[in-house]
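For reference, the structure is listed below as structure tokens.
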Amino acid sequence: MKIEEKIQNAVADALQVLYGYDAPENLIQLQSTRKDFEGDFTLVVFPLTKISRKNPEVIATEIGEFLKEKLDEVYSFNVVKGFLNLEVDSSYWIGKLQDAWTCELYGIIEADDDAELVMVEYSSPNTNKPLHLGHIRNNLLGFSLSEILKANGFKVVKTNIVNDRGIHICKSMLSWQKWGNRQTPEAVGKKGDHFVGELYVEFNNQYKKEIAELMAKGFSQKEAEEQAPSIREARQLLLRWEAGDKDVVELWQTMNNWVYEGFDATYKKMGVNFDKIYYESETYLVGKQEVMRGVEKGIFQQKDDGSVWADLTDDRLDKKLLLRSDGTSVYITQDIGTAKLRFKDFDIDKMIYVVGNEQNYHFQVLAVLLDKLGYSWGKGLHHFSYGMVELPGGKMKSREGTVVDADDLIEEMVQVARDMAQELGKLDALTPDEAERTYEMIALGALKYFILKVDPKKNMLFNPEESIDFNGNTGPFIQYTHARIQSVLRKAIEKNLSVTDYQELFSSEISFKEKELLKRVAQFPAIVKEAGLNLSPALIANYCYELAKEYNQFYHNHPILAESDKQRRNLRLLLSATIGKVVKTGMGLLGIEVPDRM
RNA sequence: GCCCCGAUAGCUCAGCUGGAUAGAGCAACUGCCUUCUAAGCAGUAGGUCAUGGGUUCGAAUCCCGUUCGGGGUACCA
């Protein structure tokens, strides 16, 4: 039984014995003691004043005496105002350290055969432009979330839905035909996704020009947007694509493959991956069928012009279009089809969509629609709604060229890491390949930590000038701490020091900071659990930072290898090794690697 | 208009289901490398937790109003 539960039970006994009162659980408020007070756990006694009719100090003292008497672990107590601070014997915490060190996968629960299966959808790019900072947040959150769920004993299937068809793709295709000189990415030496992205931008430039020309001739803006030749041609392409025109489909495949090659390179660099990829081109027809089935069942309505609608006003939502009057599908049609396929392919217990909060309404609607279509899992889908990444100038807009490109950003950060490491001269002993590998690790550590440490639900600001930092509350700070620990451990091995007898450690004298660290290590499994329940990588990130920070404080004024007292030295070694392990595991849950030297 | 979300130090962010004197980092200033990695450590300064009320023994946290900001409300995705 966990010590917290033990204390709680004992407090319940105390209330029974001392005041003859059966306390409901929520009246016993046990929390960990704030740093500025003596103790490990604190019982808030204010709520108990009503039942005993004594003043808080008296109650606290009486309960304190009771607990000290009854629980071996409770070593002493003190009372400050209405707070009963309990001090737990340090051997208890040292035992926890031993558990953490000897446990193969500390803090991790592995999935067993009847573990629930969670599918996590993330990334979900369009194939007409390269990935940008917004996708980075999405990818990092999706990947980390998956790791955290796995660590909580779930089976996880990571999935991606690629929006590979539609008018936007046709725009790029048309652009390639008309203004792209029929080049290839290889020929011009560009990454495929960037190559196609530029074609898309070119389309928009031409389109804008045409609109301006038409408006100069007296068309209204709306008419001009409708009538511009290039948009009409793009629509033609879409019709031909849907009709299965061989040339169009071939071009579409070729261009998408260019993009996929580019995406794969970016995914690889970011260290994210998928177990199963769905393509909209393979799911949208299923969606259409489902919608038509809904019409037959009478849950959706088809208007005279052929368009299909769902009336969701009873669910406090609006009327929603499901199929256009020309019979083509919209965004949500595709999501219906994809959902159906997924549940056919996998035995999904829980579906999580990692998609920005601008689509909150969309997912509310999707849940209701799936439910109406008769899928029991529809209402249970979870939209993991994360905030936007803003730039100092405001929101990123692809059309206005204010996006931060994913590849560029990563490359820039690697360069900063490289410059810094070379200036510090720390990696000179490594081979060029190893050094380069480390620069990347640090750069990505900085980027990933920067993004994952903030509460996913909130919008966040990324300032390219200032956000690239490697000092303070950053990924590299934590990575550095790990490298530092490994350095100590390497030296310990050189000196032939190792911890074999755990028993002798239990009587070690420990400092305040050491105890803080022991408690912090003992906390890790609970943090992983909480991160899983709250779906929050930020909790892991903040924990890792606190742990690293406290280790550095410890490191600064506690000799480890040079400690003359053998017991103390061994305890510090074990503490260091364990913290190194926890940091590595924790950062691993964020998808961040930690180097052994930096 | 209607619906959702947010506001904590100059800046970026923590602050768990209400608990003790609201915390970090960056930026500014000051110390610490002959000692296990200074991408570090220690210190100074910086706050009317947007604002007005309410609930409570106790509110940054819960409820209501106001102001400001963001998003949604498409035959775009």
Side-chain angles (χ1 to χ4, degrees), chain A residues 26 29 31 33-37 42 44-47 49-50 56 80-83 85 124 126 128 163 166-168 280 305-309 316-318 320-326 328-332 334-335 356-362 364 385 387-388 390 392 394-395 417 420-421 423-424 426 442 446 450 453-455 457-463 466-467 469-481 483-492 495 530 533-534 536 538-539 541-542 545-546 548-549 552-563 572-573 576 597-598:
Chain A
N26 60 12
Q29 292 183 32
Q31 45 199 243
T33 303
R34 287 184 54 143
K35 260 188 196 151
D36 2 74
F37 297 92
T42 295
V44 185
V45 297
F46 291 107
T49 52
K50 278 177 197 150
V80 180
K81 291 195 238 170
F83 299 93
N85 299 319
S124 310
N126 292 336
N128 63 333
N163 299 295
I167 189 72
H168 52 294
E280 186 189 346
D305 66 1
S307 59
V308 176
W309 296 77
R316 288 203 228 149
L317 299 166
D318 293 331
K320 180 77 185 173
L321 176 90
L322 302 178
L323 286 178
R324 297 191 186 96
S325 50
D326 64 2
T328 56
S329 65
V330 292
Y331 180 40
I332 202 149
Q334 169 252 112
D335 262 344
N357 62 12
E358 58 200 348
Q359 289 184 30
N360 287 353
Y361 181 72
H362 172 83
Q364 258 181 290
S385 163
M388 299 289 96
E390 284 160 10
K395 206 188 167 189
M420 201 158 180
E423 195 183 315
L424 293 169
K426 291 212 178 159
I442 295 169
F450 180 85
K453 77 172 177 184
V454 331
D455 183 345
K457 290 193 290 287
K458 292 188 179 174
N459 287 1
M460 65 179 291
L461 188 114
F462 184 87
N463 184 338
E466 294 167 12
S467 298
D469 199 348
F470 295 84
N471 298 314
N473 186 357
T474 65
F477 171 90
I478 301 167
Q479 291 173 315
Y480 175 75
T481 307
R484 206 176 211 188
I485 289 171
Q486 298 316 310
S487 173
V488 172
L489 298 179
R490 278 194 298 272
K491 293 224 158 74
K495 293 187 175 185
E530 207 185 335
L533 285 173
N534 296 337
S536 178
L539 294 177
N542 290 321
Y545 173 66
E546 292 297 332
K549 187 177 152 69
N552 280 323
Q553 292 166 347
F554 156 81
Y555 178 90
H556 186 255
N557 49 27
H558 293 67
I560 301 168
L561 302 172
E563 170 60 46
R572 286 173 191 174
L573 264 178
S576 300
R597 296 168 206 269
M598 72 179 270

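By convention in this document, chain letters (A, B, ...) are assigned in the order of the sequence lines, proteins followed by strands, and residues within each chain are numbered from 1.
For B:U55 and B:U8, the C1' atoms lie 22 Å apart once the distance is rounded to whole Å. On the P atoms, B:G18 is 12 Å away from B:U61, given to the nearest whole Å. For the P atoms, the distance from B:G1 to B:U66 is 12 Å, rounded to whole Å. Comparing B:G40 with B:C49, their C1' atoms sit 32 Å apart, to the nearest whole Å. Look at the C1' atom in both B:G25 and B:G65: the space between them is 36 Å, to the nearest Å.
No salt bridge links A:R324 with A:D326; every basic N to acidic carboxylate O contact stays at or beyond 4.0 Å.
Counting non-hydrogen atoms under 4.0 angstrom, A:T42 reaches a base of the nucleic acid. Counting any heavy atom pair closer than 4.0 Å across all strands shown, A:Y331 reaches a base atom. Using a 4.0 Å heavy-atom distance criterion, A:L461 is classed as a sugar-phosphate-only contact. Within the 4.0 angstrom heavy-atom criterion, no nucleotide atom of any strand lies near A:Q334. Among the atoms of the strands shown, base atoms are found under 4.0 Å from some heavy atom of A:Y480. Contacts of A:R316 with the nucleic acid, taken as non-hydrogen atoms under 4.0 Å apart, are absent. Using a 4.0 Å heavy-atom cutoff across all strands shown, A:M388 reaches no nucleic acid atom at all. Among the heavy atoms of the strands lying under 4.0 Å from A:I442 is at least one base atom, whether or not backbone atoms are also near. Note on A:K50: nothing from the nucleic acid sits closer than 4.0 angstrom, heavy atoms only. Within the 4.0 angstrom heavy-atom criterion, base atoms lie near A:Y555. At a threshold of 4.0 angstrom between heavy atoms, the contacts of A:A538 with the nucleic acid are absent. Residue contacts for A:P47: at a heavy-atom cut-off of 4.0 Å it reaches a base atom on one of the strands shown. Among the atoms of the strands shown, only primed sugar atoms or phosphate atoms (P, OP1, OP2) are found under 4.0 Å from some heavy atom of A:K458. As judged by a 4.0 angstrom heavy-atom cut-off over every strand, A:V44 is placed among the base-contacting residues.
No hydrogens or angles considered: nothing links the side chains of A:D469 and A:T474 as a donor-acceptor pair under 3.5 Å. For the residue pair A:H168 and A:N163, no side-chain donor N or O sits within less than 3.5 Å of a side-chain acceptor on the partner.
Remark: ring of A:F83 overlaps the six-membered base ring of B:A20 in a stacked fashion, centroids less than 5.5 Å apart, planes less than 30° apart. Aromatic stacking is marked for A:F46 over B:G19, as both cut-offs hold: 5.5 Å for the centres and 30° for the planes. No aromatic stack links A:F477 and the base of B:G40, using centre distance under 5.5 Å and interplanar angle under 30°.
We find that CG of A:N552 is positioned 12 Å from P of B:G25, with the value rounded to whole Å. Atom CG in A:D36 sits about 7 Å away from atom P in B:G23, given to the nearest Å. Rounded to whole Å, the distance from CD on A:Q29 to P on B:A20 is 11 Å. For the pair A:R490 CZ and B:U37 C1', the computed distance is 9 Å after rounding to whole Å. A:F450 has its CZ atom 11 Å from the P atom of B:A14, to the nearest Å.
With hydrogens and angles ignored, a donor-acceptor pair under 3.5 angstrom links the side chain of A:D305 to the base of B:C75. Side-chain N/O atoms of A:S325 and base N/O atoms of B:C75 include a donor-acceptor pair closer than 3.5 Å. In terms of polar N and O atoms assigned as donor or acceptor, the side chain of A:N85 comes within less than 3.5 Å of the base of B:A20 in a complementary pairing.
Here B:G58 sits opposite no nucleotide as a Watson-Crick or G-U wobble pair (both hydrogen-bonding atom distances under 3.5 Å). Applying the Watson-Crick and G-U wobble criteria (two distances, each under 3.5 Å), B:A27 pairs with nothing in any strand. Searching all strands for a Watson-Crick or G-U wobble partner of B:C68 with both distances below 3.5 Å returns B:G6. Pair assignment for B:G18 gives none, since no Watson-Crick or G-U wobble pairing has each distance under 3.5 Å. In a base pair of the Watson-Crick type (N1 to N3 plus N6-O4 or O6-N4) or a G-U wobble (N1-O2 and O6-N3), with each distance short of 3.5 Å, B:U48 is matched with no nucleotide.
Comparing B:A24, B:C75, B:C41 by their closest approach to the side chain of A:Q553 singles out B:C41. Picking from B:A77, B:A24, B:C11 the nucleotide with the shortest atom distance to the side chain of A:H168 gives B:A77. Distances were taken from every side-chain heavy atom of A:N459 (C-beta onward) to each of B:U73, B:C75, B:G70; the shortest belongs to B:G70. Set against B:C75, B:A38, B:A20, the side chain of A:R484 has B:A38 as its closest nucleotide. Relative to the side chain of A:W309, the nucleotides B:C41, B:A20, B:C75 differ in distance, and B:C75 lies closest. When the nucleotides B:C36, B:A24, B:C26 are ranked by their closest atom to the side chain of A:I560, B:C36 comes out on top. Side-chain atoms of A:V488 lie closest to B:C36 of the nucleotides B:C36, B:G72, B:C13. Listed candidates were B:A24, B:U37, B:U21. Nearest to the side chain of A:N473 is B:A24.
Under the 90° criterion around 0 for the glycosidic angle, B:C63 counts as anti.
Neither OP1 nor OP2 of B:G19 sits under 4.0 Å from any side-chain N or O of A:R34.
Below 30°, between 30° and 60°, or above 60°: for A:Y545 and A:F477 the angle between ring planes is between 30° and 60°, a tilted geometry.
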